[in-house]
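To start, the structure itself, in structure tokens.
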2 protein chains.
Amino acid sequence: MTETFRKELVQRMTRNLLDIQLLRLIQTQPMWGYKIKKVVEALFGVTLRHGALYPMLNKLEQKGFLTSEKQKQGQRTRKVYTITRKGKQYVEAYAGILKEQLVGSDIK
Amino acid sequence: MTETFRKELVQRMTRNLLDIQLLRLIQTQPMWGYKIKKVVEALFGVTLRHGALYPMLNKLEQKGFLTSEKQKQGQRTRKVYTITRKGKQYVEAYAGILKEQLVGSDIK
DNA sequence: TACAATATGTCTCCGTTGGGACATATCTCA
DNA sequence: TGAGATATGTCCCAACGGAGACATATTGTA
């Protein structure tokens, strides 16, 4: 039961908070879209449609949370994303809330 | 900056994960809709529309995460909600994920 | 050579969600 | 008595987001 709840919640959180999950992942190391898709799917056991992923990455770059650099592998190009200072601050803000929510059965 | 991020994120999380926030709150003590609205607004500094709140509470009851009991205060009735075992399990599953996400800069 | 994997992008339809109004009743206090 | 707070509910329309298709190019492998 708890396991089904878990899956459902992970699915919801990777959907609704996709941007944050992406930032968190890229924070560990610079990464490109396709790699991210594979990692997320392996790690969280959820499908991540590339039709949702790529627009989100571009959006995050527009907002200044990520920067990108094209890397050539022969003829094929990868768009490698790196997190910015602003992006890190966003992730920090998120982590702060998580901490409160964990401690915070102290909601009175 | 971090403060604006914080507010934005709290707003997003109370919207997208409203059900969980409600369960978490009711878990601390049985509560009715109007009180919840006031507490959430005071505590999180976000507006919680009653047009979103009441349908959600009813939905959570239908799903078996909450039970309700009508309490009379003179002629006025309050619908007091209590969390069920199933509801608690859902909150636990959520807490589990939060823990992972906090520790889990270990995403490789 | 043909298929699967790597790699990145757009677009459209459809369903869900949210904002805000509509609705009603009681209670308290000035 | 009239306004504001308490208390719970529904409903509609617009906006947003997701599922899945459309699109294209390279690389590796059977």
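Computed from a predicted model, the values in this text were never measured in an experiment. Just so it is clear: chains get the letters A, B, ... in the order the sequence lines come, proteins before strands, and each one is counted from 1.
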Taking distance alone, no hydrogens or angles, what donor-acceptor pairs closer than 3.5 Å link side-chain atoms of residues 41-51 of chain B to residues at least two apart or in another chain?
from: B:E41; atom 1: OE2; to: B:K37; atom 2: NZ; distance (Å): 3.0
from: B:E41; atom 1: OE2; to: B:L48; atom 2: N; distance (Å): 3.0

Which donor-acceptor pairs under 3.5 Å do side chains of residues 69-82 of chain B form with protein atoms, sequence neighbours excluded?
from: B:K79; atom 1: NZ; to: B:N58; atom 2: OD1; distance (Å): 2.9
from: B:Y81; atom 1: OH; to: B:N58; atom 2: OD1; distance (Å): 3.4

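Evaluation of the side-chain hydrogen bond (donor to acceptor under 3.5 Å, both in side chains) rule for A:Q89 yields no partner, not counting sequence neighbours. Not counting sequence neighbours, A:Y94 has no partner by the ring pair (Phe, Tyr, Trp, His ring centres under 6.0 Å) test. By the ring pair (Phe, Tyr, Trp, His ring centres under 6.0 Å) test, B:F5 pairs with A:F65, A:Y90, sequence neighbours left out. Applying the side-chain hydrogen bond (donor to acceptor under 3.5 Å, both in side chains) criterion to B:T84, with sequence neighbours excluded, gives no partner residue. In this view, B:R6 and A:E100 satisfy the salt bridge (charged side-chain N to carboxylate O under 4.0 Å, His left out) rule, not counting sequence neighbours.
A straight line from CZ of A:R49 to P of C:dC14 spans 16 Å, rounded to a whole angstrom. Residue B:L48 contributes atom CG, which lies 14 Å from atom C1' of D:dA7 at whole-angstrom precision. Note: CG (A:D19) to P (D:dG18) measures 10 Å, nearest angstrom. One atom, CG of A:L18, and another, P of D:dC16, lie 18 Å apart when rounded to the nearest Å. Look at CZ on A:R15: it is 13 Å from C1' on D:dG20, rounded to the nearest Å. Rounded to a whole Å, the CG atom of A:L17 is 13 Å from the P atom of D:dG17. Following rounding to the nearest Å, B:L53 (CG) and D:dA7 (C1') show an atom-to-atom distance of 11 Å. Taking atom CG on B:N16 and atom P on D:dG17, their separation rounds to 10 Å, with Å as the unit.
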Atom pairs under 3.5 Å: protein N/O with N/O of nucleotides 2-4 of chain C:
none

With the criterion being N/O to N/O and under 3.5 Å, what pairs connect the protein with nucleotides 6-11 of chain C, and how long is each?
from: C:dT6; atom 1: OP2; to: A:Y34; atom 2: OH; distance (Å): 2.6
from: C:dT6; atom 1: O5'; to: A:Y34; atom 2: OH; distance (Å): 3.4
from: C:dT6; atom 1: O3'; to: A:R76; atom 2: NH1; distance (Å): 3.3
from: C:dT6; atom 1: O2; to: A:R76; atom 2: NH2; distance (Å): 3.2
from: C:dA7; atom 1: OP1; to: A:R78; atom 2: NE; distance (Å): 2.6
from: C:dA7; atom 1: OP1; to: A:R78; atom 2: NH2; distance (Å): 2.6
from: C:dA7; atom 1: OP2; to: A:W32; atom 2: NE1; distance (Å): 3.2
from: C:dT8; atom 1: OP1; to: A:K79; atom 2: N; distance (Å): 2.8
from: C:dT8; atom 1: OP2; to: A:G33; atom 2: N; distance (Å): 3.3
from: C:dT8; atom 1: OP2; to: A:Y34; atom 2: N; distance (Å): 2.7
from: C:dT8; atom 1: OP2; to: A:Y54; atom 2: OH; distance (Å): 3.2
from: C:dT8; atom 1: O4; to: A:H50; atom 2: NE2; distance (Å): 3.4
from: C:dG9; atom 1: OP1; to: A:K79; atom 2: NZ; distance (Å): 2.9
from: C:dG9; atom 1: O6; to: A:H50; atom 2: NE2; distance (Å): 2.5

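Closest of all the heavy-atom pairs between B:K63 and B:K86 is O-NZ, 2.8 Å.
Side-chain atoms of A:E61 come within 3.5 Å of backbone N or O of A:S68 as a donor-acceptor pair.
For the pair A:Q75 and A:Q11, both in contact range of DNA chain D, the more 5′-proximal nearest nucleotide belongs to A:Q11.
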